[in-house]
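Note sheet for the following structure.
Letters A, B, ... mirror the listed sequences (proteins, then strands); counts begin at 1.
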Protein chains: 2
Amino acid sequence: MTSSLGYAILGLLARGPLTGYDLAQRLRTPVGYFWTARHSQIYTELARLEKDRLVRHAVVPGPGPRDNKRYTVTARGRRSLRDWVVTPPASAPPKNELLLRVYSVWLADPRQAREMLVAEQAKHLDTLGAFEQIAARNADAEGHPDEPSFGDLATVQAGVGYERFTIAWLGWLLDHLPE
Amino acid sequence: MTSSLGYAILGLLARGPLTGYDLAQRLRTPVGYFWTARHSQIYTELARLEKDRLVRHAVVPGPGPRDNKRYTVTARGRRSLRDWVVTPPASAPPKNELLLRVYSVWLADPRQAREMLVAEQAKHLDTLGAFEQIAARNADAEGHPDEPSFGDLATVQAGVGYERFTIAWLGWLLDHLPE
DNA sequence: CGGTCCATGTAAGATGTTACATGATTGG
DNA sequence: CCAATCATGTAACATCTTACATGGACCG
């Protein structure tokens, strides 16, 4: 019954207790590189997870006007996550706006198309640089597949590979467009 | 105001007239590799596009019980698509269930994790084979960036690259998990 | 004293999925 | 004769985004 977002939250809480606000930040970086959600969705999902007894919270006084809710995974939640991790992922419907544009690039003005694709390549080069730095910082997790940082390293390795392939593909495309 | 799905439909109709049913098929294959939609969404989107005068339909008697609606792009629709193709894509929130699982793979049973990842790699190897065949069939579009088949070739090249990178990354992962 | 960060929530709307509804033709 | 294909549409539901709402602490 738990949604993917629910497992994203459980995956973060399995590494340590967090508030809804903390979760929202991590669902921008670093989990945001492969799964995102807004705070509005996170708070409602936390309520659902708590109803199912997969997480629980303790109220701690915070600096702001309202108390913080510090969430932790329950044993049940950890078991549920552990089981889900090894289930085959449902192939989600791919959505790629860049590919959708390239599918119709044949009828575009080549000069404008090149401009857009060059800008896109620059963005991916930036992201690649950022990912490579993160990968370097996490390199020592390589021999420890039973520690949380291995999850960080493995996913950022995917990011590095993805950016490299995208940059190369955009290079191929630019080589084949006139001007 | 037009949605990405709207441009997916325009991109298909720019290659020739199609019915809603035809569109639904192509939004499974080949456009389905980077953008999908169900027929229920397509019919409502076609109505919206027609209201905005980006497409128009002619009723032709079909083999089934109800008449077919043969849709074509209007000049306005073609212009709209042409402009959209070269606009920078809004970076969509990434959603990758496999990466979400790998982020928590450190707490899974390594044997079960390996099993899932090997199965995943096999799926991607299959897809790669299929993409490579399509790429070979479309190879002659390489020198014709102003023809529709160039869009087919460019997008399938992206598919080939993506599958190769994913297979390599899964190989790296399997090399680092015990057993 | 104005903006950003911390911190949690609700509500309205857009988007997308699943299910319901109909019915003729073709191939095994 | 049964299943799949052709062919179009509506309705209910789930999911996700954007906007609304509140308010203290801290920095410049």
Distance-only criterion, 3.5 Å: show the donor-acceptor pairs between side-chain atoms of residues 20-41 of chain A and protein atoms not counting sequence neighbours.
from	atom 1	to	atom 2	distance (Å)
A:Asp22	OD2	A:Thr19	N	3.0
A:Asp22	OD2	A:Thr19	OG1	3.1
A:Arg26	NH1	A:Asp22	O	3.4

Report, one line per pair, each donor and acceptor closer than 3.5 Å where one atom sits in a side chain of residues 1-12 of chain A; sequence neighbours left out.
from	atom 1	to	atom 2	distance (Å)
A:Ser3	OG	A:Gly6	N	3.2
A:Ser3	OG	A:Glu45	OE2	3.4
A:Ser4	OG	B:Glu97	OE2	3.0

Under 3.5 Å, sequence neighbours excluded: what are the donor-acceptor pairs made by side chains of residues 168-179 of chain B?
from	atom 1	to	atom 2	distance (Å)
B:Trp169	NE1	A:Ala154	O	2.9
B:His176	ND1	B:Trp172	O	2.7
B:His176	NE2	A:Glu142	OE2	2.7
B:Glu179	OE2	B:Arg111	NE	3.0

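At whole-Å resolution of the value, CE in A:Met1 and P in D:dA14 are 11 Å apart. Taking atom CD1 on B:Ile9 and atom P on D:dT8, their separation rounds to 12 Å, with Å as the unit. Between the P atom of C:dA7 and the CG atom of A:Asp22 lies a distance of 7 Å, rounded to the nearest Å. In this entry the distance linking CZ of A:Arg48 with C1' of D:dC16 reads 12 Å, nearest Å. Between the P atom of C:dA7 and the CZ atom of A:Arg70 lies a distance of 12 Å, rounded to the nearest Å.
In this structure, B:Leu107 CG and A:Glu147 CD are separated by 12.5 Å, a value rounded to the nearest 0.5 Å. Going from atom CG of B:Leu117 over to atom CZ of B:Arg101 covers 10.5 Å, rounded to the nearest 0.5 Å. The distance from the CD1 atom of A:Ile167 to the NE2 atom of A:His124 is 7.5 Å, given to the nearest 0.5 Å. The line from CG of B:Leu54 to CZ of B:Arg48 is 11.5 Å long, rounded to the nearest 0.5 Å.
In the region residues 25-47 of chain A, proximity to DNA chain D at under 4.0 angstrom, judged on heavy atoms, holds for A:Arg38, A:Ser40, A:Gln41.
Every residue meeting the side-chain hydrogen bond (donor to acceptor under 3.5 Å, both in side chains) condition with A:Asp152, not counting sequence neighbours, appears here in chain and number order: A:Arg15.
Annotation: the terminal axes of the helix from C:dC1-D:dG28 to C:dG28-D:dC1 meet at 40°, where each axis is the rotation carrying the C1' atoms of four end pairs onto the next four (5 pairs per end, rounded to 10°).
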